[in-house]
Chemist: 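Structure provided below as structure tokens; questions to follow.
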Amino acid sequence: METTKLPPSSPSSPTTSFSVPSAEKVDGFPRRSMRRARQRRSHSSSQFRYQSSQVELTPLPLLKDAPVAELHDLFCKKLQQCCVLFDFLDCVADLKGKEIKRAALNELVESVATSRGVLIEPLYPEAIKMISVNIFRTLPPSENPEFDPEEDEPTLEASWPHLQLVYEFFLRFLESPDFQPSMAKRYIDQKFVLQLLELFDSEDPREREYLKTILHRVYGKLLGLRAYIRKQINNIFLRFIYETEHFNGVAELLEILGSIINGFALPLKAEHKQFLVRVLIPLHTAKSLSIFHAQLAYCVVQFMEKDATVTEYIIRGLLKYWPKTCTQKEVMFLGEIEEILDVIEPSQFIRIQEPLFKQIAACISSPHFQVAERALYFWNNEYILSLIEENCQVILPLVFATLYRVSKEHWNQTIVSLIYNVLKTFMEMNSKLFDDLTASYKVEKQKEMKRERERADLWRGLEEYQERRMQMLTEAARNQRNLQERGERGDPLSPSSTQMAQSDQPEPKPSGASTGAGESAT
Amino acid sequence: MAGADGDDSLYPIAVLIDELRNEDVQLRLNSIKKLSTIALALGVERTRTELLPFLTDTIYDEDEVLLALAEQLGNFTMLVGGPEYVHCLLPPLESLATVEETVVRDKAVESLRKISQEHSPVDLEVHFEPLVKRLASGDWFTSRTSACGLFSVCYPRVSSTVKAEIRQHFRTLCSDDTPMVRRAAASKLGEFAKVLELEYVKTDIIPLFTALASDEQDSVRLLAVEACVSIATLLPQEDLETLVMPTLRQAAEDKSWRVRYMVADKFSELQKAVGPEITKNDLVPAFQNLLKDCEAEVRAAAANKVKEFCENLPEDNREQIIMSHILPCVKELVSDTNQHVKSALASVIMGLSTILGKDNTIEHLLPLFLTQLKDECPEVRLNIISNLDCVNEVIGIRQLSQSLLPAIVELAEDAKWRVRLAIIEYMPLLAGQLGVEFFDEKLNTLCMAWLIDHVYAIREAATSNLTKLVEKFGAEWAQNTIVPKVLGMANDPNYLHRMTTLFCINALSEACGQEITTKQMLPVVLKMSNDQVANVRFNVAKSLQKIGPVLDSNALQTEVKPVLEKLASDSDMDVKYFAQEAISVLALA
């Protein structure tokens with residue numbers, strides 16, 4: 001590595017007793033539980049990652065004291081100094097070096113944030129190199145293989161005291177008024193962005209928070225990378241949905257996407273619609289939906305507000321992936337549906353009302369009272385109520401039977417009284433239709449039972465037919481074998497009618513004696 | 001078919017299709033699962049002309065239904081009229097192979113692979129191969145992913161021009177823009193290499209392998225490691241060094257732990273594939289590094305392979321390699337900080353003793369076993385105990401008991417009941433090898449102590465352990481050593497211990513024989529019928545039922561019968577029930 005321009009300390013330096021082998025320093029895997037292992041097995045990871053030789057940092061003069069002519073040179077030196085990595089799992093190792101780097105990073109942050117004219121072209125590659133060396137690393141295996149972001153404490157990044165400052169520097173760098181995208185794009189390229197996106201899997205929420213803001217800035221300033229970033233985010237999501245079901249930064253990426261979608265031009269490009277239909281909607285199937293559902297629902301609603309014609313895709317998609325066994329997710333889906341209905345256009349509502357209200361009826365009859373309750377709350381929403389009222393002719397017949405039945409059957413009193421309110425609302429909306437439906441309820445019920453019986457009959461018939469066919473086939477095969485065997489022995493062929501008549505024999509019996517036995521049995 | 005026409009009118013396709021369209025998913029799913037019944041009712045002709053087009057056109061359903069459909073179609077050859085018409089099944093399976101859900105797609109590919117075998121070589125080129133090409137050049141990644149799994153099934157049976165096309169398509173997919181497709185291609189690389197001619201393995205597969213093994217995504221790189229095994233097996237030894245080894249070396253030192261983990265996980269396969277020379281020169285140092293890896297996951301995977309790796313080392317200098325290269329690493333792993341690493345090691349370390357022989361085992365391995373036997377993590381101890389037999393074969397039971405017995409005794413009183421359970425299971429084995437005297441002296445007390453353990457599973461295991469011991473040492477031994485102690489527990493103030501007496505009697509009566517059972521056990525059981533606790537009383541009834549067949553009819557009539565009759569009129573329902581059951585089973589009514 002080129003990072004070791006500073007003179008190595010002499011062996012007699014008193015600080016050497018604190019230093020650890022270089023491999024330890026560069027290996028930033030944040031494993032608290034591994035701390036002891038690392039100390040004892042200090043030689044272990046030397047073959048992996050950067051092989052920087054041992055470096056002793058010496059403090060450089062302060063940036064603010066530097067004469068203008070030397071400022072950039074000093075800035076550059078500090079950037080190089082910050083490329084040295086330290087072992088934070090051993091918290092007492094090389095304290096002096098750590099402190100020097102921390103101070104240098106602080107100064108760099110401060111300088112980039114406050115003074116103008118610091119960012120000149122030669123500093124770009126140095127700055128990006130310093131950032132890359134520090135933040136890009138293979139994330140360690142999760143300490144807890146069944147890590148549940150809702151229940152468990154995340155494993156925090158051990159090197160955060162430095163890493164935070166590096167991220168802070170990166171952010172200030174991007175936000176600096178001197179920042180020139182045309183220069184930066186040579187160094188912040190596709191490979192850089194890909195590595196940046198991989199870091200979103202970090203378990204440390206502080207790191208993901210920084211990454212979110214930084215990626216947002218990169219997306220905002222480097223226009224040439226936008227399509228690439230969107231594509232790579234797609235890949236991350238698709239892998240998450242269909243392959244691993246594990247990625248810690250889904251919520252953060254969705255948050256960025258929320259504002260990206262906001263900025264989409266109209267009419268929506270095919271690429272963006274495809275993203276909605278093939279990525280965002282399937283994201284609803286994830287087991288860990290609850291962690292990013294708010295951000296996801298926000299993205300979905302953003303799409304609808306952009307272009308109302310996607311409404312049908314969205315609703316039909318949600319209905320396709322409607323949770324079957326997880327009631328907690330069902331409540332989330334109902335929440336999202338309400339958010340969607342809040343902004344739906346009446347013309348779009350008509351297109352999806354039928355399948356949607358069938359599902360809502362199914363939710364109302366859920367034995368889980370929270371699901372039923374969440375669905376019934378729709379009738380408290382004035383806008384939704386007005387949509388229902390306009391389409392009462394269609395919706396009431398869809399839900400009436402369910403409401404009527406559940407009002408008599410549900411174990412939970414709150415649900416029963418909510419249903420009475422809904423029924424009352426419908427009665428007031430259209431008393432004629434309501435009375436008709438009440439009157440025909442029993443008849444419909446009976447019709448349904450009749451259909452049920454017919455289905456059962458059909459299948460019974462089909463299965464009997466299958467059995468007959470199978471028998472026919474085996475008999476045919478048996479007769480054929482009989483014929484063949486007779487043929488082989490040179491027996492005269494008996495007429496096939498006799499063969500058929502004998503086909504109720506339990507076994508094909510080729511010899512004459514057994515044929516006789518068959519006759520005597522009949 | 002004469003009957004077929006009549007049935008057409010009975011089951012119009014519309015009715016059947018209505019079933020496949022039923023609003024209720026569950027009913028739809030049921031109908032799809034009985035698709036073969038429907039096809040049979042329609043006959044082969046109408047299945048081809050009406051049912052399959054319907055299925056192809058209307059595929060938009062719940063993934064669960066699609067999964068069932070994809071599976072069904074793999075077994076549909078006879079229902080469309082045999083191999084001659086099997087290509088009719090391709091259109092619906094093609095659309096299933098493009099859906100989003102991985103499970104459905106995989107099933108569709110599986111079915112396609114299955115029916116590919118039923119295609120004639122001509123049909124394969126006319127119908128099947130074009131489908132593979134269409135999938136391979138599909139717009140969305142799903143179809144290209146599915147295509148990856150189909151190349152190897154058609155390649156061996158097509159003409160050389162088509163073969164060249166297939167190779168070209170596979171090359172394209174290996175450098176696909178989407179990582180999902182590259183992963184699919186990488187995971188099929190080995191399989192595809194196996195059906196290729198050797199020259200093409202060298203000219204086509206090796207560059208692809210090298211490229212995938214240095215992909216920007218570690219999820220792709222790690223799949224190349226798997227392919228490495230198959231590729232190395234196919235190549236002649238002299239080519240391995242130049243074509244495979246650079247990539248393998250690089251993978252073993254990859255910066256991503258997932259790739260290194262994969263190397264560790266596949267180490268034995270790799271070792272077999274590259275042969276003894278390369279193993280000695282390259283794999284030994286690589287294995288050492290993996291055993292010392294900075295990630296516990298990698299160390300654990302490597303530790304799991306220690307025995308297999310050593311076993312498969314070339315015999316001429318196996319011992320020397322193990323002693324000077326592997327054993328030092330193993331020694332370090334014994335005191336690793338991560339319990340998964342230690343427990344992985346503990347599950348295989350005992351196997352080393354057969355390879356190293358008696359002297360080395362005593363000198364080098366025994367201290368390691370002892371350390372692991374005393375490990376703070378129960379799983380580590382458990383793994384050691386479960387493998388005691390392989391050491392026993394090498395160093396003999398005397399040596400083993402002298403060095404390991406103290407540790408075993410300590411474990412027999414371990415706080416974790418699973419550890420105690422594992423020890424109990426080893427008792428009959430130890431007892432058989434140690435002999436009666438040694439057993440009575442060192443282990444008998446332990447065996448008796450387990451009978452009053454506070455965990456039921458331990459008491460239960462201790463009971464069946466006694467049976468096995470009696471089978472080994474004989475009834476006389478039982479009468480002198482264990483029966484008195486067991487019967488003594490009948491007066492224990494704790495009813496659970498009193499019940500243990502009954503359970504022991506149940507287990508022992510047969511092994512001890514009629515005399516001991518009648519003279520010593522039966523009186524105790526009968527006496528216990530007056531116990532205050534109903535559970536004890538109904539267990540008396542159960543015990544009598546159990547030991548009845550061992551007793552003579554006189555004892556049954558004069559002693560057992562009155563007691564059971566008394567219990568049959570007990571105030572407790574369960575006691576009554578079991579007493580009556582015993583009476584009827586023993587035919588005492």
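Order of the sequence lines sets the chain letters (A, B, ...), proteins ahead of strands, with each chain counted from 1. Note that the structure is predicted; figures quoted are calculated from it, not measured.
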Chemist: Roughly how far, to the nearest 0.5 Å, is CZ of B/R183 from CZ of A/R239?
Modeler: 4.5 Å
Chemist: Please identify, among B/T37, B/V298, B/D177, B/T142, the residue contributing the most non-hydrogen atom pairs under 4.5 Å to chain A.
Modeler: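 Of B/T37, B/V298, B/D177, B/T142, B/T37 has the most heavy-atom pairs under 4.5 Å with chain A.
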Chemist: Counting only heavy atoms not in A/E467, do more than 12 fall under 6.0 Å of its CD?
Modeler: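 Not buried by this count: 12 neighbours or fewer within 6.0 Å.
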Chemist: Compare every heavy atom of A/P140 with every heavy atom of B/W257, then report the nearest pair and how far apart it is.
Modeler: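 Closest approach of B/W257 to A/P140: NE1-C, 3.6 Å.
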Chemist: Indicate yes or no: at least one non-hydrogen side-chain atom of A/K320 is less than 4.5 angstrom from one of B/D63.
Modeler: yes
Chemist: Determine, for A/K191 against B/E216, whether the closest basic-nitrogen to carboxylate-oxygen distance falls under 4.0 angstrom.
Modeler: no
Chemist: What distance separates A/E198 CD from B/D218 CG, expressed to the nearest 0.5 Å?
Modeler: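 One gets 6.5 Å once the value is rounded to the nearest 0.5 Å.
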Chemist: Are there over 12 heavy-atom neighbours, none belonging to B/M245, within less than 6.0 Å of that residue's CE?
Modeler: yes
Chemist: Could you give the distance from CH2 (A/W459) to CG (B/L27), rounded to the nearest 0.5 Å?
Modeler: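 Atom-to-atom, A/W459:CH2 and B/L27:CG are 10.0 Å apart.
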Chemist: Using a cut-off of 6.0 Å, state whether more than 12 heavy atoms not belonging to A/K447 lie near its atom NZ.
Modeler: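 No.
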Chemist: Heavy-atom count around A/Y313 OH within 6.0 Å, excluding the residue itself: above 12?
Modeler: no
Chemist: Could you measure the distance from the CZ atom of A/F136 to the NZ atom of B/K255? Nearest 0.5 Å is fine.
Modeler: 10.5 Å
Chemist: Please look at A/L194 and chain B and tell me whether the side chain, the backbone, both or neither of the residue comes under 4.5 angstrom of a heavy atom of that chain.
Modeler: side chain
Chemist: If you measure from CZ on B/R258 to OG1 on A/T138, what distance do you get to the nearest 0.5 Å?
Modeler: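 B/R258 atom CZ to A/T138 atom OG1 measures 8.0 Å (nearest 0.5 Å).
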Chemist: Counting only heavy atoms from other residues, nucleotides and ligands, does the tally under 6.0 Å from CD of B/E45 exceed 12?
Modeler: no
Chemist: If I measure from the heavy atoms of chain B, does A/Q274 come under 4.5 Å with its side chain, its backbone, both, or neither?
Modeler: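 Side chain only.
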Chemist: Does atom NZ of B/K331 have more than 12 heavy-atom neighbours from other groups under 6.0 Å away?
Modeler: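 Above 12, so yes.
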Chemist: Just verifying a value: how many Å separate A/N235 CG and B/Q217 CD, rounded to the nearest 0.5 Å?
Modeler: 7.5 Å
Chemist: Tell me, out of B/Y261, B/F141, B/W140, who's got the most heavy-atom pairs with chain A below 4.5 Å.
Modeler: B/W140
